[in-house]
Amino acid sequence: MTPTHFAFSSAFILGLAGLAFHRTHLLSALLCLEGMMLSLFIALSLWTLQLDSTSLSASPMLLLAFSACEASTGLALLVATTRTHGTDRLQSLNLLQC
């Protein structure tokens, strides 16, 4: 495994571990998701550059577009949750109660 592969896989694993173990606030969960998506974007970009393939060149941009949509949806949910519940703590959210 090259050092670049190790760096991006460890960045993804750190984001996943942060999402799994540090779920106190919705904002921290969204930041962990963004870190995971950014590491996937950079890894996919480097992979297409290493293969010298032009057919896969649109894949990183598509992933980046979906990541931007995910970020805007997450921020909209954060604002709506903070307005209705008064906090963004995940412990105070009850999915059975609307």
Side-chain angles (χ1 to χ4, degrees):
M1 181 180 279
T2 63
T4 56
H5 289 122
F6 178 73
F8 293 122
S9 62
S10 63
F12 183 80
I13 295 297
L14 280 174
L16 188 64
L19 186 63
F21 299 126
H22 189 64
R23 293 183 297 175
T24 56
H25 294 280
L26 183 59
L27 185 61
S28 64
L30 290 174
L31 283 174
C32 288
L33 281 174
E34 279 303 308
M36 289 169 57
M37 289 298 286
L38 201 59
S39 68
L40 281 177
F41 167 71
I42 295 173
L44 189 61
S45 298
L46 287 177
W47 184 57
T48 55
L49 284 175
Q50 284 178 354
L51 289 179
D52 291 332
S53 175
T54 58
S55 63
L56 296 174
S57 62
S59 299
M61 294 308 290
L62 186 66
L63 183 73
L64 192 62
F66 282 131
S67 177
C69 293
E70 177 255 334
S72 65
T73 305
L75 286 177
L77 285 172
L78 177 72
V79 168
T81 302
T82 305
R83 284 185 181 171
T84 58
H85 295 286
T87 185
D88 70 332
R89 290 185 59 87
L90 292 175
Q91 298 293 332
S92 66
L93 299 178
N94 189 0
L95 295 177
L96 299 176
Q97 192 177 33
C98 292

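Note that CH2 of Trp47 and OG1 of Thr4 are 14.5 Å apart. Values are rounded to the nearest 0.5 Å. Separating the CE atom in Met36 from the CD1 atom in Ile13 is a distance of 8.5 Å, to the nearest 0.5 Å. We find the OG-CZ distance between Ser45 and Phe8 to be 9.0 Å, quoted to the nearest 0.5 Å. The distance from atom CG of Leu38 to atom CD1 of Ile42, rounded to the nearest 0.5 Å, is 4.5 Å. Interatomic distance, CG of Leu26 versus CG of Leu31, reported as 10.0 Å (0.5 Å rounding). Between atom OG of residue Ser10 and atom CG of residue Leu16 there is a gap of 12.5 Å, rounded to the nearest 0.5 Å.
Ser28 and His25 form no side-chain donor-acceptor contact under 3.5 Å, judged by distance and modelled atom types alone.
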Using distance only, find each side-chain donor-acceptor pair of residues 60-79 under 3.5 Å and give its atom names and separation, not counting sequence neighbours.
residue: Ser72; atom: OG; partner: Ala68; partner atom: O; Å: 3.4
residue: Ser72; atom: OG; partner: Cys69; partner atom: O; Å: 2.9
residue: Thr73; atom: OG1; partner: Cys69; partner atom: O; Å: 2.9

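Contact check for Asp88 versus Thr81: no side-chain heavy atoms found under the 4.5 Å cut-off.
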